[in-house]
Enquirer: 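I have a structure I would like to understand better, so I am pasting it below and will then ask my questions one at a time.
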Amino acid sequence: MKLQSALETASASQIAHVLIEALPYIKRFKGKTLVVKYGGNAMTDERLKQSFARDIVLLKLVGINPVVVHGGGPQIGNLLQRLGKTSEFVQGMRVTDAETMDVVEMVLGGLVNKEIVNLINQHGGRAVGLTGKDGDLVRAEKIALTQLAPGADEPEIIDMGHVGRVKSIDPRVVDTLVRGDFIPVIAPIGVGDDGFSYNINADLVAGKMAEVLKAEKLMLLTNTAGILDKQGGLLTGLSLAEVEDLITDGTISGGMIPKVRCATDALNGGVASAHIIDGRVDHAVLLELLTDRGIGTLLLRR
Ligand SMILES: Nc1ncnc2c1ncn2[C@@H]1O[C@H](COP(=O)(O)OP(=O)(O)O)[C@@H](O)[C@H]1O
Ligand SMILES: CC(=O)N[C@@H](CCC(=O)OP(=O)(O)O)C(=O)O
C-alpha cells in the first residue's frame with residue numbers, strides 16, 4: 001500500500017504510533033553517518049526520485065548525516081546509444097575506452113549528479129555534488145581482470161581501459177561539507193596517479209566511503225527486495241558467515257555477489273551494519289532506518 005493511501009485510512013493514533021516508533025532510532029543514529037548508494041530503478045522513476053530526496057532531507061533534519069554515492073549505468077548507456085557507441089561489460093563492469101570515459105564523466109559528474117543535488121535542494125536540503133576528483137577525494141588504480149575464455153587453458157588478461165578500483169579515499173572534503181550541514185552527493189569517478197580519470201562501480205565507492213568515513217551504516221539500494229533465499233523469500237538478517245555459505249551454495253549469484261562483497265568488506269572495515277534494500281519501494285531509506293521491521297536485508301559482523 002502506498003504511504004499516502006495508508007495514511008488516509010490510518011487512524012490518528014496509528015499515525016502517532018508510526019511517528020513515535022521512529023524516536024529510538026533517531027536517538028540512536030543522531031550525529032552518525034549513513035552512506036547510501038543510490039541507483040537502479042529508484043533513479044529512473046519520477047515518484048521514487050522525489051521520495052528518495054525527501055528521505056535524505058528528513059534524515060539530515062533530524063541530525064543524521066547522509067552521504068549519497070550514486071550510480072547511473074542506464075543513463076550512461078542511453079547517451080552512448082545516442083552517440084552511436086555500444087558498451088561491452090566484463091564481470092559486470094563497463095569496458096571504458098577514452099571516449100566512453102568522457103561520456104561517463106559527463107553523465108555521472110554532470111547530468112546525474114546535478115539532478116540528485118537539485119532534487120535534494122528542492123525538498124529543502126543543501127546538497128553539494130562532487131566527483132572523486134574534487135578535493136582529491138577518490139584515488140583510483142586501473143583494474144586488472146583475467147578471464148578464462150571457453151576452451152582456453154590459460155586465463156587471458158582483459159584490458160578494461162579506464163575502469164578503476166578505489167586505491168584510497170581522502171575524506172577531508174566530505175567531512176568539511178558534513179560539518180557545514182551540507183549533504184555530499186558523490187559520483188563514482190576517481191583519478192589515478194597517472195592523472196587519468198577512472199570509472200569505478202558505484203557500490204565499490206560507497207563501500208569504501210562508508211569504511212573511511214567510519215559510517216554507522218551502509219545502505220545499498222537495488223532492484224530486489226533484498227537478499228533472497230532459493231525460494232525467493234526475503235532474508236531479513238544475515239551474518240558474514242551466513243553470507244559466505246549463501247555464496248558457496250549458489251543462492252547469492254550474479255550481480256548480487258559484488259554488491260554483497262562491498263557490504264562485507266565495509267563491515268570488516270569497521271562499519272557497524274550494511275543494508276541491501278529495495279529501491280523500488282517508496283521511502284525505502286526511511287522505512288529501513290526508522291522502523292522496527294525494516295524492509296530489506298540487514299548484514300551484521302557478528
Ligand atoms: N540471492 C539473491 N537475492 C537477490 N538478488 C540476487 C540473488 N542472487 C542473484 N541476484 C541478482 O542480483 C541482482 C542485483 O544485482 P545488480 O543487477 O548488479 O544490481 P544493481 O543494478 O542494483 O547494482 C538482482 O536483480 C538479482 O537478479
Ligand atoms: C566500471 C563500471 O561499470 N562503472 C559503472 C558506473 C556507474 C554505476 O555503477 O552505476 P549503477 O550503480 O547504476 O550500476 C558504469 O559505467 O555503468
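Just follow the structure's listing: the first ligand is 1, and inside any ligand the first atom is 1.
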Enquirer: Determine the minimum heavy-atom distance between T100 and K85, stating which atoms define it.
Expert: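 The pair with the smallest heavy-atom distance is OG1-CE, 3.2 Å.
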Enquirer: With only distance considered, is A202 within less than 3.5 Å of ligand 2 through an N or O on each side?
Expert: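 Looking only at distances, the answer is yes, because the N/O contact criterion of under 3.5 Å is met.
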Enquirer: Looking only at distances, please establish whether an N/O atom of ligand 2 is found under 3.5 Å from an N/O atom of M93.
Expert: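 No - when backbone and side-chain N and O of M93 are compared with those of ligand 2, no distance drops under 3.5 Å.
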Enquirer: Could you tell me, atom by atom, which parts of ligand 1 come under 4.0 Å of a heavy atom of T251?
Expert: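 Those of ligand 1 that fall under 4.0 Å from T251 are 1 (N), 2 (C), 7 (C), 8 (N).
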Enquirer: Quick one: does G72 get an N or O within less than 3.5 Å of an N or O on ligand 2?
Expert: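 It does: an N or O of G72 is found under 3.5 Å from an N or O of ligand 2.
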Enquirer: Write down the atom of D278, the atom of A284, and the distance for their closest heavy-atom approach.
Expert: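 Minimum heavy-atom separation between D278 and A284: O-CB, 3.3 Å.
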Enquirer: Using the ring centroid of each side chain, check whether H70 and Y38 are separated by less than 6.0 Å.
Expert: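 No, the ring of H70 stays outside the 6.0 Å limit from the ring of Y38, centre to centre.
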Enquirer: Mark up the atoms of ligand 2 that fall under 4.0 Å of a heavy atom belonging to G71, in ascending order.
Expert: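 Reading through ligand 2 atom by atom, the close ones are 8 (C), 10 (O), 11 (P), 12 (O), 13 (O).
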Enquirer: So if you build clusters from Ile, Leu, Val, Met, Phe, Trp, Tyr with side-chain heavy-atom gaps below 4.5 Å, do V35 and V57 land together?
Expert: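 Different clusters: V35 never reaches V57 through Ile, Leu, Val, Met, Phe, Trp or Tyr contacts under 4.5 Å.
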Enquirer: Would you say S253 contacts ligand 1, with heavy atoms under 4.0 Å as the rule?
Expert: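 Heavy atoms of S253 do come under 4.0 Å of ligand 1.
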Enquirer: Check if G39 has a non-hydrogen atom at a distance under 4.0 Å from any atom of ligand 2.
Expert: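 It does not, in that no heavy atom of G39 comes within the 4.0 Å cut-off of ligand 2.
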Enquirer: Using heavy-atom distances only, which candidate in K259, M256, K37 approaches atom 12 (O) of ligand 1 most closely?
Expert: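 Comparing heavy atoms across K259, M256, K37, the nearest one to atom 12 (O) of ligand 1 lies in M256.
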Enquirer: Could you tell me which atoms of ligand 1, counted from 1 in the order shown, lie closer than 4.0 angstrom to a heavy atom of I227?
Expert: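 In order of numbering, the contacting atoms are 3 (N).
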Enquirer: Could you grab the distance from atom CG of L58 to atom CD1 of I26, nearest 0.5 Å is fine?
Expert: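 CD1 of I26 is found 7.0 Å from CG of L58.
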Enquirer: Quick check on contacts: which atoms of ligand 1 are under 4.0 angstrom from a heavy atom of N223?
Expert: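 Matching atoms, with element in brackets: 14 (C), 24 (C), 25 (O).
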Enquirer: In ligand 2, which numbered atoms sit nearer than 4.0 Å to a non-hydrogen atom of R94?
Expert: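 Ligand 2 atoms under the 4.0 Å threshold to R94: 1 (C), 2 (C), 3 (O), 15 (C), 16 (O), 17 (O).
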Enquirer: With a cut-off of 4.0 Å, which atoms of ligand 2 are near a heavy atom of I76?
Expert: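 It comes down to these atoms of ligand 2: 15 (C), 16 (O), 17 (O).
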Enquirer: Determine whether a donor-acceptor pair (N or O, by modelled atom type, separation under 3.5 Å) exists between the side chain of D55 and the backbone of L286.
Expert: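 Yes, D55 side chain to L286 backbone: donor-acceptor pair under 3.5 Å.
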Enquirer: To which of T224, I257, V260, L235 does the heavy atom nearest atom 24 (C) of ligand 1 belong?
Expert: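 The option holding the nearest heavy atom is T224.
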Enquirer: Please report the interatomic distance OG1(T146) to CD(Q91), rounded to the nearest 0.5 Å.
Expert: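 Interatomic distance, T146 OG1 to Q91 CD, rounded to 0.5 Å: 7.0 Å.
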Enquirer: Measuring from T251:OG1 to Q231:CD, what's the distance to the nearest 0.5 Å?
Expert: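 The distance works out to 8.5 Å.
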Enquirer: Relative to ligand 2, is M43 under 4.0 angstrom through side chain, backbone, both or neither, heavy atoms considered?
Expert: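 Answer for M43: neither.
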Enquirer: Measuring from the heavy atoms of I200, does anything fall under 4.0 Å of ligand 2?
Expert: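 Flag set, I200 near ligand 2.
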Enquirer: Number the atoms of ligand 2 from 1 as they appear, then name those within less than 4.0 Å of a heavy atom of V163, with their elements.
Expert: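 Near V163, meaning under 4.0 Å from one of its heavy atoms, ligand 2 has 1 (C).
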Enquirer: Output yes when the distance from some N or O of ligand 2 to some N or O of D203 is under 3.5 Å, and no in every other case.
Expert: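 No: no nitrogen or oxygen of D203 is under 3.5 Å from one in ligand 2.
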Enquirer: Which of the numbered atoms in ligand 1 are under 4.0 angstrom from any heavy atom belonging to G226?
Expert: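 Answer, ordered by atom number: 3 (N), 4 (C).
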Enquirer: Tell me, with the steps shown, if D193 and K142 meet salt bridge (Lys or Arg N to Asp or Glu O under 4.0 Å).
Expert: CA-CA 10 Å; D193 293 341; K142 187 177 159 87; over 6 Å; no
Enquirer: With heavy atoms of K37 as the reference, note each atom of ligand 2 found under 4.0 Å away.
Expert: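 The list of qualifying atoms is 12 (O).
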Enquirer: Out of T297, T222, N201, L228, whose heavy atom is nearest to atom 14 (C) of ligand 1?
Expert: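 Looking at heavy atoms only, T222 sits closest to atom 14 (C) of ligand 1.
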Enquirer: Of all the heavy atoms in H70, does at least one lie under 4.0 Å from an atom in ligand 2?
Expert: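 So H70 does not count as touching ligand 2.
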Enquirer: Look only at the side chain of R301 and the backbone of V271, and say whether a donor-acceptor pair between them is shorter than 3.5 Å.
Expert: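 Here the side-chain-to-backbone pair exists.
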Enquirer: Could you check whether any side-chain N or O of R139 sits under 3.5 Å from a backbone N or O of S168, counting only pairs where one atom can act as donor and the other as acceptor?
Expert: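 Side chain of R139 to backbone of S168: no pair is present.
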Enquirer: Quick one: NZ on K114 to CG on L119, what's the gap to the nearest 0.5 Å?
Expert: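 One gets 13.0 Å once the value is rounded to the nearest 0.5 Å.
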Enquirer: With rounding to the nearest 0.5 Å, note down the distance linking NZ in K230 to CG in L235.
Expert: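 K230 atom NZ to L235 atom CG measures 11.0 Å (nearest 0.5 Å).
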